[in-house]
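Everything on this sheet refers to the single structure shown next.
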Number of protein chains: 2
Amino acid sequence: MISKRLSELRKRKKWSLQYTADQLGIAKSTYAGYESGYRQPSLEAIKEIASLFETSVDYLLGMVDNSSFELEHKDKMKSLELTEKDLLAKVRLTIDGKSLSQDELNQFIAFIRVKREVEAKR
Amino acid sequence: MISKRLSELRKRKKWSLQYTADQLGIAKSTYAGYESGYRQPSLEAIKEIASLFETSVDYLLGMVDNSSFELEHKDKMKSLELTEKDLLAKVRLTIDGKSLSQDELNQFIAFIRVKREVEAKR
DNA sequence: TCGGTTGGTCGCGTATCGCGTACAATTGAT
DNA sequence: ATCAATTGTACGCGATACGCGACCAACCGA
């Protein structure tokens, strides 16, 4: 699993084994061993490999199918509509570490709606 | 890093070393070595550990700070601290499709804090 | 008090990791 | 076409360190 994903990622970047090994600071034969399945990288090595290829260790190990580290870890929460039904069942909103109740959220929504109404008329 | 996170996860589940090792099908001393930092798990082992603890390999290795596999890989049970600095730079909060301003968010936070203060005295 | 459990370390045997080396296949320049 | 350089692949060797059983001190419940 890991060998397949490694060679796929490397070829996608059009890197040679030597160049890749140099980037990682290891011998070419060592990295080649990873791709051929002849060797397995150490924990330290696989972390650096994941960084170099901008992916996650979980992807290299076949724990997930998503290769994009960015997509996986960052871009998840891009926009949250607060009026969405049952939002609090999906997302826990906190203030000072304490969960927001649906009541409090409703009050806030009402408050903002009124405020915007007023401002629109000026 | 990995040892700290392992013992934290195990203690949270109130499992003993022996029980945990049994679940993983390895010797107690082996797993104990992981937590004490005396040994490092193999790639195969760390995958099984991540599965057992329902977390990600990346978390165990300290690649990410997010311990929740669900949060990391799917899109469930996120937690958002509204007082977090520069929150709106990372997450767009909307009401009726319109973005919330930092001012509006601040007003809301202040409102909730006062409300809680009052309720605490009753 | 004492049997049982817990977290932790150590020594041993051996699996395997990383490197250098070697070699066929491929590429590129003349 | 020829030859040198590069690339992908495989192997042997030495050293690392992994996994296990054995062991130990501390702690607990009966």
Side-chain angles (χ1 to χ4, degrees), chain A residues 1-69 72, chain B residues 1-69 72:
Chain A
M1 172 60 80
I2 176 169
S3 52
K4 279 186 66 172
R5 300 211 156 164
L6 281 184
S7 73
E8 182 189 325
L9 286 168
R10 179 177 61 85
K11 285 168 184 167
R12 187 177 304 164
K13 286 182 181 288
K14 296 198 172 79
W15 291 349
S16 69
L17 291 175
Q18 183 70 63
Y19 177 78
T20 308
D22 288 346
Q23 297 279 315
L24 295 168
I26 62 179
K28 177 193 66 165
S29 62
T30 299
Y31 179 78
Y34 300 159
E35 283 202 14
S36 68
Y38 182 72
R39 291 270 183 264
Q40 280 204 321
S42 67
L43 286 186
E44 207 50 47
I46 206 173
K47 283 167 65 175
E48 300 211 17
I49 293 174
S51 284
L52 180 63
F53 286 141
E54 296 173 298
T55 186
S56 68
V57 176
D58 287 273
Y59 176 73
L60 294 179
L61 296 181
M63 302 287 281
V64 297
D65 288 333
N66 192 341
S67 71
S68 166
F69 186 81
E72 190 177 330
Chain B
M1 171 60 80
I2 177 169
S3 54
K4 281 185 66 173
R5 300 212 156 162
L6 281 184
S7 73
E8 183 188 324
L9 285 167
R10 181 178 60 83
K11 285 168 184 166
R12 189 177 302 165
K13 287 183 180 289
K14 297 200 172 78
W15 290 351
S16 69
L17 291 175
Q18 182 70 63
Y19 176 79
T20 308
D22 287 346
Q23 297 280 314
L24 296 168
I26 60 178
K28 178 195 67 165
S29 62
T30 299
Y31 179 78
Y34 301 158
E35 282 202 14
S36 67
Y38 183 71
R39 291 268 184 266
Q40 279 204 323
S42 67
L43 286 187
E44 206 50 48
I46 206 173
K47 282 168 66 175
E48 300 212 15
I49 293 173
S51 282
L52 180 63
F53 286 141
E54 296 174 297
T55 186
S56 67
V57 176
D58 287 272
Y59 176 73
L60 294 179
L61 296 181
M63 301 287 281
V64 296
D65 289 333
N66 204 336
S67 73
S68 166
F69 187 80
E72 188 177 332

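Keep in mind the model is a prediction, meaning the values are calculated, not measured. So that the names make sense, note that chain A is the first sequence line, chain B the second, and so on, each numbered from 1.
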Could you state the CG-P distance from B/Leu43 to C/dG18, rounded to the nearest angstrom?
10 Å
B/Glu35 CD - C/dT6 P separation (whole Å):
13 Å
Run the side chain to side chain contact (heavy atoms under 4.5 Å, CB included) test on B/Lys13 and B/Phe53 for me, step by step, so that the C-alpha distance in whole Å, both residues' side-chain angles and the decisive distance to 0.1 Å come before the verdict.
CA-CA 9 Å; B/Lys13 287 183 180 289; B/Phe53 286 141; 4.0 Å; yes
So, taking the atom named CG in B/Leu6 and the one named CG in B/Leu17, what distance separates them when rounded to the nearest 0.5 Å?
10.5 Å
Please check the phosphate of C/dT6 (OP1 and OP2 only) for any side-chain N or O of B/Ser16 closer than 4.0 Å.
yes
For B/Lys4, check salt bridge (charged side-chain N to carboxylate O under 4.0 Å, His left out) against everything at least two apart and list the hits.
none
Taken to the nearest 0.5 Å, the spacing of B/Leu61 CG from A/Asp58 CG works out to 8.5 Å
Any donor-acceptor pair under 3.5 Å from B/Arg5 side chain to B/Leu60 backbone
no
Which parts of nucleotides 15-30 of chain D does protein reach within less than 4.0 Å, heavy atoms only, written one letter per nucleotide 5' to 3' as B for base, S for sugar-phosphate only and - for none?
---BBBBBB-------
Separation of D/dG8 C1' from A/Asp22 CG (nearest whole Å):
15 Å
Using whole Å, report how far NZ of A/Lys14 lies from P of C/dT27.
15 Å
Rounded to the nearest 0.5 angstrom, the CD-CD1 distance for B/Glu48 and B/Ile26 is 8.5 Å
Starting the side chain at C-beta, find the nucleotide from C/dG8, D/dT7, D/dA10 nearest to A/Gln18.
D/dT7
Interatomic distance, A/Arg10 CZ vs D/dT9 C1' [rounded to whole Å]
11 Å
